[in-house]
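Please read the structure below before turning to the comments.
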Amino acid sequence: MVDVTVTHERTARHNSGPDEVEERLTGRRIVSLDRTGKFLHSDLDDGQLLVAHLGMTGRFTVDGDDEPHTHLRLLLDNGHLVRFIDPRTFGFVAVYDAPSSAPGLARLGADAWLTPPGAAELAAALRGRTAPIKALLLDQGLISGLGNIYADEALHGAAIHPLRPGGTLTMTEIEDLLEAISNVLVSAIHNGGTSLDDRAYLLPDGRAGENLGQLHVYGRTDQPCLECGTPIQQVSVRSRSTHFCPTCQAERQ
DNA sequence: ACCTCCCTGGCC
DNA sequence: GGCCAGGGAGGT
């Protein structure tokens with residue numbers, strides 16, 4: 001990285017500020033590109049760890065246009081210009097000495113796509129947990145990588161009510177849930193991801209992902225369940241909108 | 001283990 | 001003019 005410019009305080013909030021991020025990155029070479037859950041992370045040539053999170057509206061572009069809400073620019077020694085654009089500034093870019101000092105990243109559960117847990121492992125993690133399974137799926141400590149949309153979709157695929165206390169899931173339900181998570185992610189990735197009307201998420205070439213039309217419950221409040229016709233219900237779980245079919249995902253089985 | 005806060009664009 | 005959307009951090 002030949003030149004690094006950070007122009008928004010909040011983007012650098014996990015370091016002391018924009019100056020520290022610029023200083024720690026300038027002159028460094030990126031030697032890896034990885035992802036765990038929703039965290040992007042790279043090893044640098046001096047042993048530091050570069051971590052980025054897109055939050056809700058963050059995205060990286062390479063040699064793109066200069067857009068509003070561009071908060072960080074990386075000029076690479078190959079001439080390419082990487083921009084971090086993030087209107088709502090829920091995302092961040094941070095540099096740490098070690099993974100253990102990166103908040104969030106250090107506490108992530110197994111990645112839902114790359115290294116999903118086995119049923120026995122997930123069952124052990126769920127044992128004794130009283131929080132709603134929906135909340136546990138969003139809390140990245142159990143399984144990492146699922147957001148609000150795919151958590152709702154996975155629970156519907158597994159026919160599990162979102163308010164079921166995590167510890168009450170049967171082994172069969174846990175197996176179904178893991179399979180549903182896999183199915184949901186395979187489908188979403190195959191379809192290029194879920195671009196909503198706000199177009200906050202787009203494919204690298206600027207096209208919208210087409211998975212929205214494949215969703216069974218998210219954003220389908222009051223519309224008929226595709227399995228049974230019952231109107232999809234929307235409730236709030238931990239102040240996150242939650243969509244489910246009250247028939248397919250009955251409270252008890 | 002819970003709750004509040006952060007932030008902006010879009011829509012009612 | 002006000003509310004909602006959403007991911008995580010931090011504090012209680």
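Computed from a predicted structure; not experimentally measured.
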Next on the checklist: Is it the case that the side chains of A:H41 and A:D34 hold a donor-acceptor pair, with the cut-off being a distance below 3.5 Å and no angle test?
Outcome noted: no
Checklist outcome for this item: Only residue of A:T36, A:L108, A:L105 satisfying side chain to side chain contact (heavy atoms under 4.5 Å, CB included) with A:Q140 is A:L108
Next on the checklist: In whole Å, I'd like the distance from the CZ atom of A:R107 to the P atom of C:dA9.
Outcome noted: 9 Å
Next on the checklist: Counting the atoms with a prime plus P, OP1 and OP2 as sugar-phosphate, which does A:G91 contact under 4.0 Å by heavy atoms, base, sugar-phosphate, or nothing?
Outcome noted: nothing
Next on the checklist: In this structure, how many angstroms lie between the C1' atom of C:dG10 and the CZ atom of A:F92, rounded?
Outcome noted: 13 Å
Checklist entry - In whole angstrom, what separates A:M56's CE from C:dG8's P? => result 11 Å
Checklist outcome for this item: When every non-hydrogen atom of A:C225 is compared with those of A:R220, the smallest separation belongs to CA-NH1, 4.3 Å
Item to check | OG1-CD distance between A:T170 and A:E175, expressed to the nearest 0.5 angstrom | outcome: 8.0 Å
Checklist outcome for this item: DNA chain C nearest-nucleotide lookup for A:T57 and A:L105: closer to the 5′ end is A:T57
Next on the checklist: Judged by each residue's nearest nucleotide on DNA chain B, which is more toward the 5′ side, A:H69 or A:R240?
Outcome noted: A:R240
Checklist entry - Between atom CG in A:D198 and atom C1' in C:dG7, what is the gap in whole Å? => result 14 Å
Next on the checklist: What contact category does A:Y201 fall into here, base, sugar-phosphate, or nothing, at under 4.0 angstrom with non-hydrogen atoms?
Outcome noted: nothing
Checklist entry - For A:N148, which contact category applies under a 4.0 Å heavy-atom criterion: base, sugar-phosphate, or nothing? => result sugar-phosphate
Next on the checklist: Please give me every residue in residues 126-145 of chain A whose heavy atoms get under 4.0 Å of an atom in DNA chain B, ordered by residue number.
Outcome noted: A:R129, A:A131
Next on the checklist: At 4.0 Å (heavy atoms only), tell me whether A:R238 reaches a base, stays on the sugar-phosphate, or touches nothing.
Outcome noted: sugar-phosphate
Checklist entry - Any ion pair linking A:D46 and A:R24 (charged N to carboxylate O, less than 4.0 Å)? => result no
Item to check | Under 4.0 angstrom between A:H53 side-chain N/O and C:dG8 OP1 or OP2 | outcome: yes
Checklist entry - With a cut-off of 6.0 Å (strictly less than), are more than 12 heavy atoms of other residues, nucleotides or ligands near CD of A:E179? => result no
Item to check | Heavy-atom pair of closest approach, residues A:F84 and A:F92 | outcome: CZ-N, 4.1 Å
Item to check | side-chain N/O A:Q234 vs C:dC4 OP1/OP2, d < 4.0 Å | outcome: no
Next on the checklist: Does anything in residues 137-154 of chain A form a salt bridge (charged side-chain N to carboxylate O under 4.0 Å, His left out)? List the pairs, not counting sequence neighbours.
Outcome noted: A:K134-A:D152
Item to check | Pairwise side-chain contact, A:F90 with A:R10, heavy-atom cut-off 4.5 Å (strictly under) | outcome: yes
Next on the checklist: Distance under 4.0 Å to a non-hydrogen atom of chain A counts as contact; along DNA chain B, which nucleotides mark the start and end?
Outcome noted: B:dA1 to B:dG9
